[in-house]
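Report on one structure; see the data block that follows.
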Amino acid sequence: MNLYKYVSEQINEKLGMPVNLESPRNREFGDFATNVAMVMAKQVGKNPRDLANELVGKLTELDFVADANVAGPGFINIKLRDDFIWQNTTAPKQMDNATPQTIDLDYGAYNVAKSLHIGHLRTSIVGDTFNRISKFLGHKTFSWNHIGDWGKPMGLIIAWIERLHPELPYFRDNFDSNTPVNFEINPNELNTYYPAASALAKQDPEFQARAQEIKAKFQDGHPGYFALYEKFLSVSLNAMNNTVRRLNILPFDYDLGERNAAKYLDDVEEILRDKNMIYESDGAEVINVKRDTDNAPMPPYMWRDSRGADTYDSTDLAAVYCRKKTDNPDKIIYFTDLRQSLHFEQLFRAADMSGIFPYDRFEHIGYGTINGADGKPFKTRDGNAAGLDDILDMANDAVQERVKESGKELDDETIKTIALAAVKFNDLLHDVRSDYVFDPSAITSFEGRTGPYILYTAVRLNSILNKVQSSKIKVQNEYKMNTDERNLLIQIMDFERTIVSAFENRATDMIANYAYDLAQLINTFYHNCPIMRDDVDDETKLGRLHIVRVARDTLATTIDLMGLKVPSEM
Ligand code: ARG
C-alpha cells in the first residue's frame, strides 16, 4: 500500500479540503502532522486552535486513526492504528498503470573507438535506474544507446590508420568491398588511435584537413573507408557490451546512434527546406533557433558544416525524427553531462519549430562532474583523466583492502559486486545535477550511506530467511508491534510514494536515500528484536519473520531498481 497516498486521500475526503500532510521522521507525537487548521482558520473565520479541535473530532472517526490531537498554535498530529499498519504492509509489486506513458530514454551514448570516460558512468547509472523505475511504475520505455559512430572522430581514426598502414587497400578510391583484407584491429590499440590522432590534428593542419576530407567521403559512402570502419566498429561494440555487462545495466533496446540517424537526414532536410529554416552562414548551413524573448545568446544550430558534412546537431535532429516514427513517444529524455545543455536547448527548439517533435515533450537531465579531493574533475594517479574502468578498478582495490583488513574471505566475484554497488550507489545518492567527490575509500565503507552497507543489510536478512522454510512463515491477523517494528513497517509502506516521487521529480537520489533509511530501520530492528533466540515465544517469532520477509523483499526491489546485485555472503 502507498500509505501516504491512502491516508491523505482519506483525510481530504473526510475534511472536504486538500490537506497538506507531513510524515515527520520522529514519530513520537504522531505518524502524520498537518497545519491545515492554521492555513484555513482565516478563511473560515475561526481561531486556528478551535478549528484544529473541530477537525480532530472528524479525523478520529476515520477507521485507521488511533488518535489525533492538537499541538502548539494549531498543528494536528495523527497516530495510525497498529492493526491497520500490520494488516496493510505488503512487499512491493510492479504496478499496473492506468495512464502509462511511452518514454524514449537516451543514455549511455558511448563513442566508437574511444574508451569510456568517467562521464559515461553517470549517464549509464542514472539513465538505467530511471528506466527501471519507469518500467516498475508501468510505463513503456525504449532505451536508446545513441552511439557516437558517425562524426569527426571517424575521420580522425581512419586518417590515423592510414598513417600507420598506408599500404592497406581501404584507402584506394576503387576499393572493392569483396576484397579480403588481412588486417585485424587490436582493441587496446584502437583506444589509443583517437587521442593520438586528435592531438596530431591540433598541431598539423595537413593531417587535420586529411581527416576532414576522409570524414566527408566516409559519410558519402566511400567503400574502403566503410569497410575499415565496420572493422573497428565491431571491436568497439564488443567493448561497449562488456561495459554494459560490467555495469549491470539493462541491455539497450536500440544500439543505434548517429549513423542510423543519418539515414533520415534527407527526410528532415525536406521538412526544414519546406519551412525555409536552413540558411547559409560562413559556408555552413545553419538553423536559427533564437526567440524574441531570449536574453542569453543563442547561437544557430549547425545543420551542415562548411565542408558539407553531417554534424552532431543534424544527426540529433534526425534521431528525433526517427524515434517519433519508430516509438511515437510521449516524452524523449536525454541523460548527458550538464555541459551539453545548450546543445539540447537548441535541438528541442529546432525540433519544435520544424514540427518534428514538440518542445515541451523533451527533457534534458544534465548531470554534474565527478571530482577528486581537489574539487577538479577526477584524475588517476598518473594525472590522466580517469576512465570508467579506472573508477571501477579503484573501487575494487578499495573493497579488497577492506575485506583483507577485516579478516574476511570473499571471492573475486563478490568483491566485484560490492565494488560496483559502492560506485553506483554513491552516484545515485547525489542529486543528479550536482558535482560530487569520488573517494574510493569512503564509498566502500561497510557502514554509513554506502552501497556495501545496503548490500550487507540485505545479506543479513537473507541469511535469516535461509534458515527457515518459507512455508513456515505465516502472517498472523494480529500482532503486537513494538516501536522498532512499527517504524520499519511504516517505512516499507512509504516505498511506493518514494518511487512515484523519484519518477515525477526525475530524482533518482530519492531511491538511494530511501534504501539507506530502510536499511537503518532494518538494522535497528535486527539489533533490538531477537528472532531465533530460545526465549522468544512462537507468536513473536512468527511476527518477526514476517517482518523480515517483507523488509527483505522491499529492500531487494529497491536494490534491483538501482541496478545492484545482492551477493550470497559478505
Ligand atoms: N556520444 C556523446 C558523448 O559521449 C553523447 C550523446 C548523447 N546523446 C545525444 N543524443 N546527443 O558525449
Side-chain angles (χ1 to χ4, degrees), residues 103-128 130-131 141-157 191 194-195 198 215 232-233 236-237 239-240 243-244 247 249 252-265 268 289 301-303 310-327 329 331-351 356-357 359 361-370 377 385-389 391 432:
I103 312 172
D104 274 3
L105 300 170
D106 181 311
Y107 59 91
Y110 314 124
N111 300 314
V112 164
K114 282 207 250 173
S115 53
L116 299 192
H117 60 73
I118 199 166
H120 291 123
L121 193 67
R122 301 204 74 183
T123 173
S124 308
I125 296 173
V126 174
D128 179 62
F130 191 77
N131 190 6
T141 60
F142 295 100
S143 56
W144 288 78
N145 181 16
H146 186 75
I147 306 173
D149 53 3
W150 193 242
K152 188 170 116 203
M154 304 310 115
L156 283 165
I157 291 159
N191 283 334
Y194 176 75
S198 89
K215 175 194 163 190
F232 61 74
L233 181 66
S236 265
L237 290 178
M240 280 179 216
T243 305
V244 168
L247 287 177
I249 63 176
F252 286 98
D253 293 307
Y254 301 100
D255 283 303
L256 291 177
E258 298 173 6
R259 172 190 175 189
N260 170 68
K263 293 184 203 146
Y264 300 88
L265 285 168
V268 175
V289 287
Y301 200 57
M302 183 71 62
W303 177 249
D310 310 337
T311 61
Y312 186 58
D313 290 2
S314 62
T315 45
D316 248 338
L317 185 55
V320 173
Y321 177 85
C322 159
R323 291 170 197 182
K324 164 93 178 119
K325 267 173 100 87
T326 347
D327 306 331
K331 287 228 166 247
I332 306 182
I333 309 182
Y334 298 82
F335 299 81
T336 80
D337 192 311
L338 259 176
R339 284 171 289 194
Q340 293 200 35
S341 300
L342 176 63
H343 164 75
F344 286 106
E345 178 62 25
Q346 293 176 302
L347 167 65
F348 302 167
R349 290 181 181 200
I356 290 173
F357 202 79
Y359 183 85
R361 279 160 53 190
F362 281 114
E363 279 174 52
H364 174 224
I365 315 262
Y367 50 80
T369 49
I370 304 180
L388 189 142
D389 285 332
I391 295 285
V432 194

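Counting starts at 1 for both ligands and their atoms, in listed order.
Centroid-to-centroid, the aromatic rings of F362 and F344 stay 6.0 Å apart or farther.
For the side chain to side chain donor-acceptor pair (under 3.5 Å) test with Y254, the passing option among N145, D327, N260, D104 is D327; the others fail.
Under 4.0 angstrom from ligand 1, the non-hydrogen atoms of F344 all belong to its side chain.
More than 12 heavy atoms of other residues, nucleotides or ligands shown are found within 6.0 angstrom of NZ on K331.
Residues A113 and Y194 come closest through the heavy atom pair O-CB, 3.8 Å. Smallest separation of non-hydrogen atoms from H146 and A319: CE1-CB, 3.7 Å.
Every atom of ligand 1 is numbered from 1 in the order shown, and the set under 4.0 Å from a heavy atom of T336 is 7 (C). Listed by number with element, the atoms of ligand 1 under 4.0 Å from a non-hydrogen atom of Y334 are 10 (N).
Of the protein's heavy atoms, N111 ND2, 3.8 Å lies nearest to atom 3 (C) of ligand 1. Nearest protein heavy-atom contact of atom 8 (N) of ligand 1 is D106 OD1, 3.0 Å. Protein heavy atom at the shortest distance from atom 10 (N) of ligand 1 is D316 OD1, 2.7 Å. The nearest heavy-atom contact from the protein to atom 6 (C) of ligand 1 is Y312 OH, 3.2 Å. Looking only at protein heavy atoms, the nearest one to atom 12 (O) of ligand 1 is Q340 NE2, 3.3 Å.
Annotation: side chain of I147 is in contact with side chain of V112 (closest heavy-atom distance under 4.5 Å).
Using a non-hydrogen distance threshold of 4.0 Å, W144 does not register as a contact of ligand 1. Residue contacts with ligand 1: E258 is excluded, as none of its non-hydrogen atoms falls under 4.0 Å.
Ring geometry for Y107 against F252 counts as tilted: the plane angle lies between 30° and 60°, on a 0 to 90° scale.
Considering backbone and side-chain N/O of H120, one or more are found under 3.5 Å from N/O of ligand 1.
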Check against side-chain hydrogen bond (donor to acceptor under 3.5 Å, both in side chains), T141 and N131: CA-CA 7 Å; T141 60; N131 190 6; 2.6 Å; yes
